[in-house]
Amino acid sequence: MNGKHEIIEQLRRDIRSLETNRSCTVRQPSQVELGPINQAFQDKRFPLGAMHEFRCNEMKNLAATQGFIAAILGYLLKDGTAGVWIGPVKTMLPTALLHYGIKPDHVFFVDASSDKEVLYIMEELLKCPDFVAVVGQLRDLDLTASRRLQIALKQSHVTGFIIRYQPRRQQATSSYCKWQITTLPGFKEPDRPGVGAFHWQVKLEKTLYGRPGSWTMAWKRKHFVSTQSPATYAPSVHRKAG
Amino acid sequence: MSIYFRFLLTDWLTIRQPRLKGLPLVISTVSRGRMVVRTVNEVGIQKGITTGMAIADARARIPGVEIHEAKPDMEHILLRGIARWCIAYTPVAAVDELDGIMLDISGCAHLWGGETPYLIKILSTLYQLGYKVNGAIADTIAAAWAAARFGHERAMIIPPGKQEQTLSSFPVEGLKMDETIITRLRKLKLNRIGMLFSMPRGSLHTRFGPGFIKRLEQIRGTIPESIVPVELPVEYHERLPCLSPIVSAAGIEIAIKELLQKLCKRLYQEQKGIRKASLTCYRVDGHLQKLEIGTVRPTHQETHLFRLFELKIDTIEPGLGLEMFVLDAIHVEELNNKQETLWTPVVGIQSQNIAATFDLLAAKVGSQRIYRFVPNQVYLPEYSFKRTTELTALVGDQWSLKKKLPFLILPVPKPIKVTVPVPDYPPINFIFEGKLYEVSTADGPWRVEKPWWIQAGLLQDYYIVEDNQGARYSIFRVGHIGEVTGHQWFLYGYYA
């Protein structure tokens, strides 16, 4: 009995050394089809393996922010990959994730109440390269903490999302992108009853090496749809030194 | 082996309050509306106090007698604790009624150099703690019980097969039979156990019943007797006694590594993995320190398991030193031994990395706080999922979404006030926490009724309403409008 396992283990090890090619184990990065927003980023695609920070003050905008992130996760969580959502679990209805094309059993939830806990758990989980995305909801985030998170995901290439709900202070953080999502009246074709599709005002306040701007986006049939006439990007922020 | 505590409660009290040493001490209890003596210590007995005597009489006999009270099941609590401590000497330890402990020592004594040193080691340790104990080792439980209580010496070892011979000089109380049978035996002048062995079975059976014959056979060992251990011995179990007590974290680490090495070697050979394990540290003063770890998927990797224990080492209080470590694999599962595919590594929920990450996180924040949701085949939206801490199980494609649901919900739906001009239509506005929300568009109702087997409870009508700022809310009404029992509106959650 003993010998058999050892032989099998040895054979596996041999095969691994013969065939392993690390490059083919790297996941193909998913594309997030954000339409015109993608043009704002440096290499014209949604930055993965980076930290995205969202700010909101009201409950309705928190719902909008969560929905927008879940929509992005819908693109990322493909082929059975897993994500984590850290925050007050009691306030989430996991079945609703199906709207965004996510199977709720592919998202792990970690119950955490205080900012410190969320940051600790997030940092630990961001180090694990097998997650695709880690979402954390907290209140305040300072430069040191955001830098730590950024370092944690640098190696693992996990995409991190931070929702800052009712932040007490405006603090400088090292997040790659800063967003603000607000609700808009439902997007629907004329003369159709009901409330229509989810509709958001998406404000990209800051993105590294890119152009900030503001767009209106709807979520229809599990895809983002731009709902404004094209080419109305906000002018890039004019910076002056001195 | 049987250990008999002659003065369990009074000894325990004396250990707790050393000033009582050498004083007559009585534990009292209430019986038939008066205070009587429950137990009395050695000094008290010498001065003439007996169990069952009224407290007033005891006071009259010795004016300065110390009278204390104890919880009714105190003996049992104490003996359970002592039996747990005895697991350091044998895996099977049981509480023996209200005054003793029974140990199954098969195959244990040689580790201490034979039965005599083994018995003396246990008895002297208890004696040093302050318990006056007798102990006996015999082939059968019944014989050991009798020898511990009625033996001529404090520590007695009945040689193999000699129990009949040794017990024959003991009084019949050593049979552990009913009071009525003992008095009848005494009346018949059958005072010694030895007299019974030579009597014809038939006459004993007619006079004392089948239970009596069974007891005699149990002493002989022809009918088995069993004990109920305080803790069931675990199949995967390793122990490490230390020559000198260990106080440093480095020492504990070495001990854990050594234990894990042995256990993991065995698990590897049997292709099994640990899901839950516990480390018990025996302190020199008799206290037990326990650590527990859990894993998301079965594993026998030493380094990973060690890291989980390492996180918890600082919770051990070594006190004056730890003299023994016991590692139990409480929950062991078969390893899922599938061929790993090399070019498409498991990156999903079954990934090794994720399991390891969650193990470490669970060791820090507790495994109860990490969940996953799996489908539950119930129509009601609130019950359409189940929370589980089982993180790696695969779920089939059983999710179904009947209607639009909000992701953000209130932990408890909150009551709102509404204006509804037309019954069963959505409201035109609602007041939540003192603020008025004007409804511009709405969807609904989506009616959810309680299942037929739950007759109680009213139906719920869910609406999606949008206010003029674009925020979408999920609200519901319980009960029909205009129903006698009344109806009520609640805010359920927020749509994105």
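Labels below follow one simple rule: chain letters A, B, ... track the order of the sequence lines, proteins then strands, and each chain is numbered from 1. All heavy atoms count here, side chains included; hydrogens, waters and symmetry mates do not.
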Measuring heavy-atom distances to chain B, does A:Gln201 have an atom under 4.5 Å in its side chain, in its backbone, in both, or in neither?
neither

Is a side-chain N or O of A:Thr159 found less than 3.5 angstrom from the main chain of A:Gly49, in a donor-acceptor match?
yes

Is chain A contacted by the side chain of B:Ser440, its backbone, both, or neither, given a heavy-atom distance below 4.5 Å?
neither

If you count heavy-atom pairs under 4.5 Å between each of B:Leu361, B:Thr357, B:Leu408 and chain A, which one has the most?
B:Leu408

Taking side chain as everything from C-beta outward and backbone as N, CA, C, O, which of these in A:Val110 sits under 4.5 Å from a heavy atom of chain B? Side chain, backbone, both or neither.
both

Would you check if the side chain of A:His157 reaches a backbone N or O of A:Pro129 as a donor-acceptor pair within less than 3.5 Å?
no

Among B:Tyr494, B:Tyr495, B:Tyr371, B:Phe407, residue most engaged with chain A (heavy-atom pairs, under 4.5 Å):
B:Phe407

Heavy-atom pair count under 4.5 Å with chain B, highest-scoring of A:Leu125, A:Leu93, A:Thr183, A:Leu184
A:Leu93

Approximate separation, where rounding is to 0.5 Å, of B:Leu491 CG and B:Tyr437 OH
8.0 Å

Under 3.5 Å donor-acceptor, A:Glu123 side chain and A:Leu149 backbone
no

Closer than 4.0 angstrom, basic N to acidic O: yes or no for B:Glu238 and B:Lys265?
no

Okay, A:Trp200 and chain B: the region with an atom under 4.5 Å from a heavy atom over there is side chain

Considering only heavy atoms, which portion of A:Ala71 lies under 4.5 Å from any heavy atom of chain B: side chain, backbone, both, or neither?
neither

Can you tell me if A:Asp115 uses its side chain to pair, donor with acceptor, with the backbone of A:Arg139 under 3.5 Å?
yes

For the pair B:Lys312 (side chain) and B:Glu292 (backbone), establish whether a donor and an acceptor sit closer than 3.5 Å, ignoring hydrogens and angles.
yes

Against chain A, work out which of B:Ile464, B:Ile409, B:Thr388, B:Asp467 has the most heavy-atom pairs shorter than 4.5 Å and name it.
B:Ile409

Would you say B:Thr389 and B:Ser367 are linked by a side-chain donor-acceptor pair, where the criterion is simply a distance under 3.5 Å?
no

Which answer fits A:Ile121, side chain, backbone, both or neither, if we ask what part of it has an atom under 4.5 Å from a heavy atom of chain B?
both

Pair B:Lys364-A:Glu124, salt bridge (charged side-chain N to carboxylate O under 4.0 Å, His left out): steps then yes or no:
CA-CA 11 Å; B:Lys364 277 277 183 190; A:Glu124 289 296 309; over 6 Å; no

Which portion of B:Lys403 sits near chain A, non-hydrogen atoms under 4.5 angstrom:
backbone

Side-chain donor or acceptor of B:Glu466 paired with backbone N/O of A:Gly186 under 3.5 Å
yes

Comparing A:Glu117, A:His199, A:His99 against chain B, the one with the most heavy-atom pairs below 4.5 Å turns out to be A:His99

May I ask you to name which of B:Thr441, B:Leu360, B:Asn468 has the most heavy-atom pairs under 4.5 Å with chain A?
B:Thr441

Counting heavy-atom pairs under 4.5 Å with chain B, the top scorer among A:Phe198, A:Tyr120, A:Trp85, A:Phe68 is A:Phe198

Residue B:Leu391 versus chain A: region with a heavy atom under 4.5 Å
both

Atom group of B:Ile370 that falls short of 4.5 Å from chain A, counting heavy atoms:
both

Per-residue tally against chain B (heavy atom, under 4.5 Å) across A:Gly67, A:Pro104, A:Ala70 peaks at A:Pro104

Interface residue of largest heavy-atom contact number with chain B, from A:Gly196, A:Gly194, A:Ala112, under 4.5 Å:
A:Gly194

Which word best sums up how the rings of A:Trp219 and A:Tyr75 line up, parallel for under 30°, tilted for 30 to 60°, or perpendicular for over 60°?
perpendicular

Would you please indicate yes or no on a ring centroid separation below 6.0 angstrom for B:Phe373 and B:Trp399?
no

B:Tyr492 versus chain A, heavy atoms under 4.5 Å apart: side chain, backbone, both or neither?
side chain

Can you check whether B:Val296's main-chain N or O pairs, donor with acceptor, with B:Asp359's side chain at less than 3.5 Å?
yes

Chain A shares the most heavy-atom pairs under 4.5 Å, among B:Arg472, B:Arg387, B:Gln469, with B:Arg472

Look at B:Val465, B:Leu410, B:Asn353 and state which one has the largest set of heavy-atom pairs under 4.5 Å with chain A.
B:Asn353

